[in-house]
Amino acid sequence: QVQLVESGGGLVQPGGSLRLSCAASGSTFSFAAMGWYRQAPGKQRDLVAAITLGGSTNYADSVKGRFTISRDNANNTQYLQMNSLKPEDTAVYYCNARAFRMGFAYDYWGQGTQVTVSS
């Protein structure tokens with residue numbers, strides 16, 4: 001029932017910027033945490049950034065200082081502002097949302113959006 005819809009991916013030159021958006025629908029609750037993961041060819045899926053309902057954030061060391069995650073709790077939407085992009089940022093970016101019910105964590109995923117950083 002819960003769906004996460006991503007947008008904002010594309011091709012950008014090194015040093016450029018992109019903003020990813022992820023809108024969650026079909027839920028009557030706010031997600032305890034939302035975030036972004038990415039997966040490059042031949043690599044595992046890794047956490048990029050996450051944000052809690054209260055606004056606490058954490059980032060992968062590789063993106064710290066360049067990426068900023070935010071969320072609009074009223075609309076269950078999260079954003080990832082990506083600045084100073086590098087070729088190594090090229091990956092499929094997946095939106096994630098986590099909810100807790102009855103003491104268990106439930107993860108929901110977007111389909112993924114391609115980000116390519118190349119000149």
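What's counted below: heavy atoms across the whole structure, side chains too, no hydrogens, waters or symmetry copies.
- Counting heavy atoms from C-beta outward, T113 and V92 have side chains that stay 4.5 Å or more apart.
- Nearest heavy-atom pair, A49 versus L47, reported as atom, atom and distance to 0.1 Å: O-CD1, 3.5 Å.
- Among all heavy-atom pairs drawn from R98 and A105, the shortest one is CD-CB, 4.1 Å.
- The closest side-chain donor-acceptor pair between E88 and T90, if any, does not fall under 3.5 angstrom.
- Taking a 6.0 Å sphere around CD of Q3, one finds it holds 12 or fewer heavy atoms contributed by other residues, nucleotides or ligands.
- V115 and G9 make their closest contact through CG2-CA, 4.2 Å (heavy atoms, listed as atom of the first residue, atom of the second, distance).
- Around atom CD of Q111, no more than 12 heavy atoms belonging to other residues, nucleotides or ligands sit under 6.0 Å away.
- Figure legend: R101 and Y106 shown as a cation-pi pair, the cationic atom lying under 6.0 angstrom from the six-membered ring centre and within 45 degrees of its axis.
- Geometrically, R38 does not engage Y94 in a cation-pi contact defined by less than 6.0 Å to the ring centre and at most 45° from the axis.
- Using a 4.5 Å heavy-atom threshold, the side chains of F31 and L53 count as separate.
- L80 and W109 sit in two unconnected hydrophobic clusters of ILVMFWY residues. Membership requires side-chain heavy atoms under 4.5 Å apart, directly or through other members.
- The two atoms that bring W36 and I69 nearest to each other are CD1-CD1, 3.8 Å, heavy atoms only.
- Shown here for R66 and D89, the closest heavy-atom pair between the two residues is NH1-OD2, 2.8 Å.
- Side-chain atoms of S30 and N73 include no donor-acceptor pair closer than 3.5 Å.
- The two atoms that bring Q78 and C95 nearest to each other are NE2-SG, 3.0 Å, heavy atoms only.
- You'll find the side chain of P87 stays beyond 4.5 Å of the side chain of S118, heavy atoms only.
- For the pair T77 (side chain) and N75 (backbone), a donor-acceptor distance under 3.5 Å is present.
- Y37 and Y59 fall into different hydrophobic clusters, defined by Ile, Leu, Val, Met, Phe, Trp and Tyr side-chain heavy atoms under 4.5 Å apart, directly or through other members.
- At a threshold of 4.5 Å between non-hydrogen side-chain atoms, the residues L85 and F67 count as touching.
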